[in-house]
Amino acid sequence: MTPSATPTQSNFIRDIMAADLASGKHEGRVHTRFPPEPNGYLHVGHAKSININFGLAGEFGGRCNLRFDDTNPEKEETEYVESIIEDVKWLGGDFGDRIFYASDYFQQIYDWAVQLIKAGKAYVCDLSADEVRQTRGNFTEPGKDSPYRNRSVEENLTLFERMRSGEFPDGARTLRAKIDMASPNLNMRDPVMYRILHAEHHRTGNTWCIYPMYDYAHGQCDSIEKITHSICTLEFEDHRPLYDWFIQQLGIYAPQQIEFDRLNLTYTMMSKRKLLKLVKDGHVNGWDDPRMPTISGMRRRGYTPEGLRNFCARQGVSKTNGITELALLEYFIREDLNRRALRVMGVLRPLKLVIDNYPDDQVEWLDAVNNPEDVSAGTRTVPFSKALYIEQEDFREDPPKQFFRLSPGREVRLRYGYFVTCTSVVKNAQGEVTEVHCTYDPATRGGDSPDGRKVKSTMHWVSAAHAIDAEVRLYETLFTKEDPNDVPEGQDFTANLNPRSLETISAKVEPSVAGAAPLTRYQFERMGYFCVDKDSTPGKPIFNRTVTLKDAWAKIEKKSK
RNA sequence: UGGGACGUCGUCUAAUGGUAAGACUGCAGACUCUGGAUCUGCGUAUCGGGGUUCGAGUCCCUGCGUCCCAGCCA
């Protein structure tokens with residue numbers, strides 16, 4: 001991954017790596033890995049992990065592997081593998097041809113289990129899941145030894161082999177590590193290493209009917225790949241002694257595990273289980289719904305990899321459990337989009353504006369700049385005519401004090417067009433303004449006034465005859481509360497779903513955007529950033545609002561209420 | 001409750017015994033053919049109590065608070 005544009009700030013993992021490199025630990029190598037389970041789509045929390053693992057490896061001249069932790073065939077699918085590969089690539093993670101799977105190592109992991117049995121460090125246990133739970137003890141009480149704990153090596157070897165060959169039904173037996181049922185660390189109380197699962201695996205098919213537990217497999221996978229720094233999240237801190245135990249008993253290469261804080265964001269959640277529920281129950285339209293905190297959802301919404309990376313870099317790495325404000329993410333998305341998105345004019349909620357003194361059939365193609373932040377983006381022309389659409393919210397018949405936009409008698413600038421002055425309005429039976437009439441000053445063509453007179457507002461517009469109809473999807477946060485899990489007793493997070501998280505409207509957009517490919521990003525001037533959705537058809541573009549622009553007027557208006 | 005970890009502005013992160021800093025947010029202003037962008041200014045923090053030290057956010061003791069662990073999930 002290329003170093004991010006934001007200046008790198010120190011973090012404790014980088015410090016550890018730098019120190020290790022300086023001291024010659026791990027033969028002076030840095031080799032990390034990003035180890036997702038293919039049981040769902042990647043989310044922005046994974047983006048942070050990707051940024052750390054690929055970013056640090058790149059920074060220190062090392063490598064980072066992509067490895068799938070696919071030890072549970074019941075939850076894992078090829079669809080997830082494919083989406084994860086796509087998302088990591090999109091974010092800029094450079095894993096070369098180093099795509100690995102825990103399942104690649106199943107035979108080796110099995111052989112190691114046999115080695116542990118032979119060393120008297122593992123045994124086949126006939127207790128049911130329920131019985132194991134009951135004999136594990138709890139936070140204050142030690143556990144009880146399994147009655148099968150002292151089986152002979154020969155018997156364990158035979159039984160384990162028979163487990164593998166499929167003689168027993170699911171759950172009948174497990175292979176357990178023989179450690180210490182009285183350990184204050186529950187992970188050390190003879191944890192299960194293998195369980196019987198007659199399930200088809202997305203890669204190994206029906207080769208196996210026993211599968212290693214994550215805790216028994218993960219550290220060894222890192223060891224096999226000679227990972228120097230195994231970076232993971234805080235909840236695995238308690239598991240580190242177990243991983244170290246396996247590595248030590250086996251006498252194999254020992255990676256160094258470092259734990260960091262998971263990313264939490266306000267108004268959303270990262271639990272894959274809960275995200276899956278949102279998808280399955282139809283609260284959103286798939287994993288890549290633009291309201292989802294998934295990488296694919298954010299991509300579809302118009303977020304950029306650079307914006308996401310800068311956000312991750314600035315959000316930081318520590319061991320403090322916290323919740324980062326969504327505003328920080330949005331800031332970095334806006335910052336990136338501001339320098340790269342092409343500007344166009346699009347009217348979200350059209351109000352007709354007629355210029356009474358403009359020639360009936362005249363059309364002028366006026367120059368407009370594509371990106372004031374980037375002159376190399378050039379210019380385009382936009383059609384101007386007698387009948388236009390402006391934004392409904394840009395006109396007030398009875399303007400409040402700080403409202404600078406159009407109102408009866410007031411002159412404003414139509415961007416790149418002319419100064420116009422409102423002369424009258426047309427209303428419907430309900431008294432709503434349906435049409436605004438203006439006169440224009442031909443001397444202000446292009447938007448400049450030769451006499452130097454000023455105007456307090458510049459507004460966007462489209463020519464009614466030339467505008468394209470577009471569907472626009474406006475998004476708000478998926479949840480109404482900063483913490484979606486903050487619910488009354490007996491309810492779940494779905495109680496906090498925001499009924500207004502998606503609003504679909506019909507907009508009028510300037511013709512230059514016709515035929516834009518999905519994922520093309522624009523700024524609709526004064527309205528926000530928008531991204532062409534994959535549901536678009538040639539005649540009918542669909543835009544997702546990525547994020548609004550900062551809106552000073554909205555703030556003023558809100559305050560006055 | 002046993003174990004593990006963590007407590008610095010509203011939020012996220014720096015400060016590695018030596019002037020508590022930055023970003024976001026908020027507020028105020030300048031500028032502007034986007035009430036955008038940009039620029040300027042302002043504000044708020046070391047969980048409490050002891051101790052060590054010339055000097056403590058940092059080290060020690062103690063109290064408090066938060067998070068994680070009792071899956072044959074990862």
Side-chain angles (χ1 to χ4, degrees), chain A residues 6-7 9-12 15 35-37 39 69-72 74-76 125 127-130 132-133 136-143 170-176 183-189 191-197 211 213-215 217-218 232-241 259 261 263 266 272-273 314-332 334-335 338-339 343 345 368-369 372-373 402-405 413-417 419 446-449 455-460 523-528 548-556:
Chain A
T6 13
Q9 59 186 4
S10 100
N11 72 58
F12 78 102
D15 292 346
E37 183 192 14
N39 67 339
D69 269 329
D70 54 352
T71 55
N72 185 354
E74 293 182 325
K75 290 186 177 172
E76 295 147 10
C125 180
L127 257 26
S128 69
D130 238 25
V132 169
R133 189 178 313 122
R136 183 157 29 226
N138 54 46
F139 292 149
T140 49
E141 305 281 319
D170 287 4
R173 298 187 208 289
T174 56
L175 182 72
R176 294 227 258 162
S183 171
N185 181 346
L186 269 49
N187 294 122
M188 302 298 271
R189 318 246 262 226
V192 172
M193 295 165 58
Y194 268 92
R195 76 283 218 190
I196 301 172
L197 241 36
Y211 292 91
M213 296 289 291
Y214 172 86
D215 276 356
H218 188 79
C232 64
T233 42
L234 254 24
E235 69 270 25
F236 293 104
E237 212 146 17
D238 284 345
H239 298 239
R240 177 155 32 95
E259 305 87 7
D261 62 323
L263 172 69
T266 54
K272 273 202 259 182
R273 204 197 93 240
R314 177 57 75 179
Q315 190 277 327
V317 184
S318 74
K319 296 184 70 127
T320 317
N321 259 314
I323 306 174
T324 297
E325 289 174 344
L326 184 63
L328 186 68
L329 207 207
E330 293 189 332
Y331 168 82
F332 281 101
R334 283 195 191 98
E335 182 200 55
N338 176 50
R339 54 176 170 242
R343 271 63 168 174
M345 291 193 283
V369 333
E373 305 293 323
Q402 292 176 86
F403 186 87
F404 301 153
R405 282 109 96 142
R413 174 189 296 110
L414 293 176
R415 184 140 164 119
Y416 303 124
F419 283 16
D448 291 305
S449 57
V455 92
K456 289 199 95 172
S457 182
T458 299
M459 295 169 17
H460 63 282
Q523 182 195 107
F524 288 2
E525 294 214 27
R526 306 204 305 136
M527 301 311 286
T548 59
L549 254 23
K550 273 172 56 180
D551 190 343
W553 166 240
K555 239 176 219 179
I556 294 167

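Below, chains carry the letters A, B, ... as their sequence lines are ordered, and counting in each starts from 1. For clarity, every value in this text was computed on a predicted model and none was experimentally measured.
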Q: Give the nucleotide from the list B:G35, B:G3, B:C72 with an atom nearest to the side chain of A:Trp553.
A: B:G35
Q. When you match A:Arg413 and A:Cys125 each to their closest nucleotide on RNA chain B, which lands nearer the 5' end?
A. A:Arg413
Q.
Assess whether a salt bridge exists between A:Glu37 and A:Lys272, defined as any Lys/Arg side-chain N lying under 4.0 Å from an Asp/Glu carboxylate O.
A. no
Q: Would you indicate whether the side-chain heavy atoms of A:Arg240 and A:Phe236 approach each other to under 4.5 Å?
A: no
Q. Where the side chain of A:Lys550 is defined as all heavy atoms beyond and including C-beta, which of B:G35, B:C68, B:U25 is the nearest nucleotide?
A. B:U25
(Q) Using the C1' atom as the point on both nucleotides, what is the distance between B:G51 and B:G65, in whole Å? (A) 22 Å
Q | Nearest listed nucleotide, side chain of A:Glu525, among B:A74, B:U34, B:U1 | A | B:U34
Q | A:Glu373 side chain, from C-beta outward: closest of B:G36, B:G3, B:C73 | A | B:G36
Q. Which whole number of Å gives the distance between the C1' atom of B:G57 and that of B:U8?
A. 7 Å
Q. At under 4.0 Å between heavy atoms, what does A:Lys555 touch on the DNA or RNA strands: base, sugar-phosphate, or nothing?
A. sugar-phosphate
Q: Select base, sugar-phosphate, or nothing to describe what A:Asp448 touches, counting heavy atoms under 4.0 Å on all strands.
A: base
Q: Step through the shown structure and confirm whether more than 12 heavy atoms of other residues, nucleotides or ligands are within 6.0 Å of NZ on A:Lys456.
A: no
Q) So what does A:His239 touch, heavy atoms closer than 4.0 Å: a base, only the sugar-phosphate, or nothing? A) base
(Q) What's A:Gly447 touching, base or sugar-phosphate or nothing? Going by heavy atoms closer than 4.0 Å. (A) base
Q: Give one of base, sugar-phosphate or nothing for A:Arg136, where a contact means two heavy atoms less than 4.0 Å apart.
A: sugar-phosphate
Q) When all nucleic acid strands are considered with a 4.0 Å heavy-atom cut-off, which category describes A:Asp69: base, sugar-phosphate, or nothing? A) sugar-phosphate
Q: Ignoring the backbone of A:Ser318, work out which of B:U16, B:U1, B:U13 is nearest its side chain.
A: B:U13
Q. Quick one: does A:Asn11's side chain have a donor or acceptor within less than 3.5 Å of a partner on A:Gly316's backbone?
A. no
Q: Return the nearest nucleotide to the side chain of A:Ala327; candidates are B:G2, B:U25, B:C12.
A: B:U25
Q: Remember a base hit wins even if backbone is also touched, and classify A:Leu127 as base, sugar-phosphate or nothing at under 4.0 Å, heavy atoms.
A: base
**Q.** Shortest side-chain distance from A:Glu325, nucleotide among B:U13, B:C69, B:G10
**A.** B:G10
Q. From the list B:A23, B:G35, B:C72, which nucleotide is the closest neighbour of the side chain of A:Phe404?
A. B:G35
Q) What nucleic acid atoms does A:Phe236 come within less than 4.0 Å of, heavy atoms only: base, sugar-phosphate, or nothing? A) base
Q: Go through B:U16, B:A74, B:G2 for me and flag the one nearest to the A:Leu186 side chain.
A: B:G2
Q) Counting any heavy atom closer than 4.0 Å, what does A:Ile556 reach on the DNA or RNA strands: base, sugar-phosphate only, or nothing? A) base
Q.
Between A:Trp553 and A:Phe403 (judged by ring centroids, cut-off 6.0 Å), do the two rings come close enough to count as a pair?
A. yes
Q. Touch check for A:Arg240, heavy atoms < 4.0 angstrom, all strands: base, sugar-phosphate only, or nothing?
A. nothing
Q) Touch check for A:Pro142, heavy atoms < 4.0 angstrom, all strands: base, sugar-phosphate only, or nothing? A) nothing
Q: Can you figure out which of B:G7, B:A23, B:U34 approaches the side chain of A:Thr320 most closely?
A: B:G7
Q: Would you indicate what A:Phe524 reaches in the nucleic acid, counting non-hydrogen atoms under 4.0 angstrom: base, sugar-phosphate, or nothing?
A: nothing
Q) With a 4.0 Å cut-off on heavy atoms, is A:Asn11 in touch with a base, just the backbone sugar-phosphate, or nothing at all? A) sugar-phosphate
Q: Pick base, sugar-phosphate or nothing for A:Gln402, based on heavy-atom distances below 4.0 Å to the nucleic acid.
A: base
